[in-house]
Every structure is written in C-alpha cells, then in structure tokens.
Amino acid sequence: MRTIQADCCVVGGGPAGIMAGLLFARAGCKTIVLEKHSDFLRDFRGDTVHPSTLDNLDELGLLETFFQRPHQKLKKLSGYFGGNRLDVTDFSSLKTPNKFIVFMPQWHFLDFLCDAARELPTFSIEMNAKAEELVFANGRVTGVKVSSSEGPLEVSAKLTIGADGRNSFIRKSAGLQVEEMGAPIDVLWFQVPRKVNEPDESLLNTGPGQIVITIDRGDYYQCALVIPKDAAQKVFEAGLDQFRRSVASAVPKLADQIDSITSFDEVKLLTVKVDRLKSWSRAGLLMIGDSAHAMSPVGGVGINLAIQDAIAAANLLAGDLAENRLQDGHLQKVQKRRMWPVRATQFAQIQAQNNIIKPLLANTGSQPKPPLPLRIVAAIPWLQRKLAYWVGIGVRAEHIRSPERFPLKT
C-alpha cells in the first residue's frame, strides 16, 4: 500500500476543496487533495462565480488570469412572468470593482484553481482517488484510506478536511449529525442550443406552473426546470413532448431549439437538499462547503459560501498548522465564524422556496404574475441594493488573510 504523509488532507475536489488546498499549501502546509473522479467534467455542477469570489481571486492576484477562461457576465437579476420582464436588482450598487456575476462552467473554474495551486511546492492532487475509510487513533481522525487508480493508498495527516459534497462520505464516516431543513423542489438539468448574439440575459423564466432557469454558456443554455419534490418520475412518464412544451411555455425563446432534446437521457435529476451539520468538526477533522451545509440553488450562492468556508478555515488554521501549533479545539473556530452566514442564507432560501417558488409552481391555470415579495423588492431601491449585496457578496464576506509562505504565480 502506498502511503503519503501530509499536514493537510482535503477530501473532495470541488470549489471548497480546491480553494482550501490552494490556501493551506500557500501558507506552507504540505497539502494533498483527493478527488474521486478522473477529471472535473461533470455538467451538473454550478456555474456562478459571484463578486465576493472575484474579489478573493483579485486578492490572490489571479483575477486577470481567471478572466482569460471562457465566461459570461450577468449584471442584473431579472425574470419573465407571463411574458413580462421584471428587473429585480442589478449589481451596480456594489462597492466592488466587480459589479457582476460570472458564469463559468465549473470544470473551467476548478481547472483554473488547480493550475494555480500546482505551481506551489506544497500542493498535490490525486485524481481517481476515492476515500474508503477514515483512519482513527485514540478517537482522533489521523487520515484516510483511499482506493486509487494506482492501488490502495493511505494518507496520514495532521488535519483532514471533508469537502466531498452534500452526499458526503466523510461526514457519515465521522458520525456527524445532520439537521435537515427540507426542500420542496428538485431540478431537471439539460442543455439547449443558444442563438448567436441572443441579447437577453434573464435567468428566471416562468409559465403556468413552470419555472425554468437559463444560464448562458456561450453557444448553449444550461437549463434547470424546477419541479416539485419527487415529481421527476411524473415528468418522465408524461413523455418528452410534454416536457418540451413545458419548457417552451416558460421560455418561448427556446421553442425553436427545444427539439434538440431527443431523449430523457439528456435530462439529469438534481435532488435538492437544504441541511447543515450540528457540529462541523471532531478531533483531527473539519467539514466545509456542501459537506457541512447543503444549500438550495436559490440565489446560486452555494459555490461562494463554500469558497468563503475554505478562506475562513485557512485564515484561522493554516498558519498554526504550518508551524505545528494547531490544536483540535481550534477547529471549532471555523464553525463559529461561518455558522451565522449559513443559517441566515438558508433561512432566506427557505423563505424564497415557500413564498416565491411554491406559489409559482402551484399556479397551473393562468399566466404567472411576479410574486409579491419580488414586486416589493423591485419597487424599493433600498431593498434592491440589499438583495444585490446578499446575492453578490453574502452575509459575511471573507478576505484572504492566511499566510503567504509560497507566492502564487500570476
């Protein structure tokens, strides 16, 4: 069996995991990231990189290089309700140079972060490396046993970070208790070709009983049909023609392109969860990102909360870990700092699910009108600015304050 000794072992190569790996390695910790897949090409990952994360990339000196990757920009949040457009807010009020959301397929974003991290002498990543078992010594997590393309591997680490997503193997293995918030929706995820120079950048599209999100990926839209919880089988049983009609009723601009969906094999079910761990840590182990708190897709803020978790963890722990001064009691500082923004964000998402999304899905008999909460926000500039800040920056922004013992190449 291969063995690797590390200061920090990160399980999971999503945004939280790769950013944590980069920051801990930058601070001088020998860090390894374990990613169970062979690459990052999974189309059902989120696309949105918000102004808070753009600011973080700027703090790292990486923003200019980031913008060289394929991306689109969204400057306003708007939606169509029965054919009528409502601009809910825009990001021009933000006190940041980056007054927009960036759409970048997550595989590009993760490749970008990995490329930057690989320049560090203290960083490594193992692809095709699936965590199989936590290793304990005297009740403390001391590493991970892994199955890899090169055979069994055991990583021993002073600190293990679980960042393996909402279906986290690590949190189950650690016996950490999950508090379920509940989600009344699921999402069907698919692609539709985009017309050249399509000027409309609206995200939210609604028809009678239908909600479709359209994410601009250049030559195609990544689309999300929002459905009631556990209703996917009914959609599939109703047939492909009904599915196409449902999408076109909410997004008329896709009526000519929706026939590109020729099979339900091209439509993927994303099960929505909203939950959080009661405790994010135990001796030797810290959970961050979706593995600590699964977010609703409302607002598209999950990636950015995950990034902020990673930054907070590095700010609070990386220096002590690099200098061999980290104690298990220090791990609780991360939850203490990040739990309030998680609670506040999940509360807002649940309110949006119950007061905006559910009524729109229930209104199957007529063309939808903008729900009252959205009309109120659109009518009051102060609320528009608050919404722009909540979506773009978040409840508590994190800034890079971890040590820089190995500078990144920019």
Side-chain angles (χ1 to χ4, degrees), residues 41-48 72 74 77-86 103 105-107 183-273 296-298 300 352-371 374:
L41 287 171
R42 282 169 302 290
D43 202 46
F44 49 85
R45 289 179 139 167
D47 294 71
T48 54
Q72 287 75 40
L74 180 73
L77 286 182
S78 58
Y80 277 94
F81 300 88
N84 297 311
R85 175 169 171 152
L86 179 72
F103 290 139
Q106 197 173 121
W107 58 85
I185 58 171
D186 287 324
V187 170
L188 295 176
W189 194 243
F190 57 98
Q191 297 177 7
V192 176
R194 180 178 177 273
K195 294 179 181 178
V196 176
N197 297 322
E198 172 69 59
D200 182 30
E201 62 174 12
S202 63
L203 270 179
L204 178 67
N205 306 269
T206 67
Q210 307 295 337
I211 301 174
V212 179
I213 308 300
T214 49
I215 298 172
D216 179 2
R217 281 189 176 171
D219 58 353
Y220 68 94
Y221 287 110
Q222 185 63 58
C223 299
L225 174 65
V226 182
I227 60 174
K229 175 63 70 177
D230 299 326
Q233 190 58 39
K234 291 182 179 179
V235 174
F236 297 148
E237 289 174 355
L240 201 56
D241 287 342
Q242 180 58 46
F243 172 79
R244 294 183 186 126
R245 286 194 293 270
S246 297
V247 174
S249 72
V251 199
K253 68 183 179 184
L254 297 185
D256 295 337
Q257 299 105 288
I258 192 61
D259 285 346
S260 65
I261 303 294
T262 59
S263 166
F264 276 125
D265 291 340
E266 301 166 48
V267 181
K268 307 301 181 184
L269 171 64
L270 303 182
T271 302
V272 176
K273 293 183 179 181
S296 165
V298 171
Q353 288 176 169
N354 292 336
N355 297 302
I356 297 175
I357 296 175
K358 285 179 68 176
L360 285 170
L361 292 178
N363 178 24
T364 59
S366 61
Q367 287 293 343
K369 296 180 180 179
L374 293 184

Ion pair R194/D219, N-O distance below 4.0 Å
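Answer for the salt bridge query: no.
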
I want to check something: taking the side chain as every heavy atom from C-beta on, are [X] and [Y] in contact at a cut-off of under 4.5 Å?
X: F103; Y: L203; answer: yes
X: S260; Y: P193; answer: yes
X: I185; Y: K229; answer: no
X: K195; Y: Q257; answer: yes
X: V251; Y: Y221; answer: no
X: F264; Y: L188; answer: no
X: K234; Y: I227; answer: no
X: T214; Y: L254; answer: yes

Please check this pair: side chain of [X] against backbone of [Y], looking for a donor-acceptor N/O pair closer than 3.5 Å.
X: S249; Y: G207; answer: no
X: T206; Y: Y80; answer: yes
X: R244; Y: I261; answer: yes

With rounding to the nearest 0.5 angstrom, report the CG to OG1 distance, L74 to T48.
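That separation rounds to 10.0 Å.
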
Drop me the distance from L361's CG to I356's CD1, to the nearest 0.5 angstrom.
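L361 CG to I356 CD1: 12.0 Å, rounded to 0.5 Å.
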
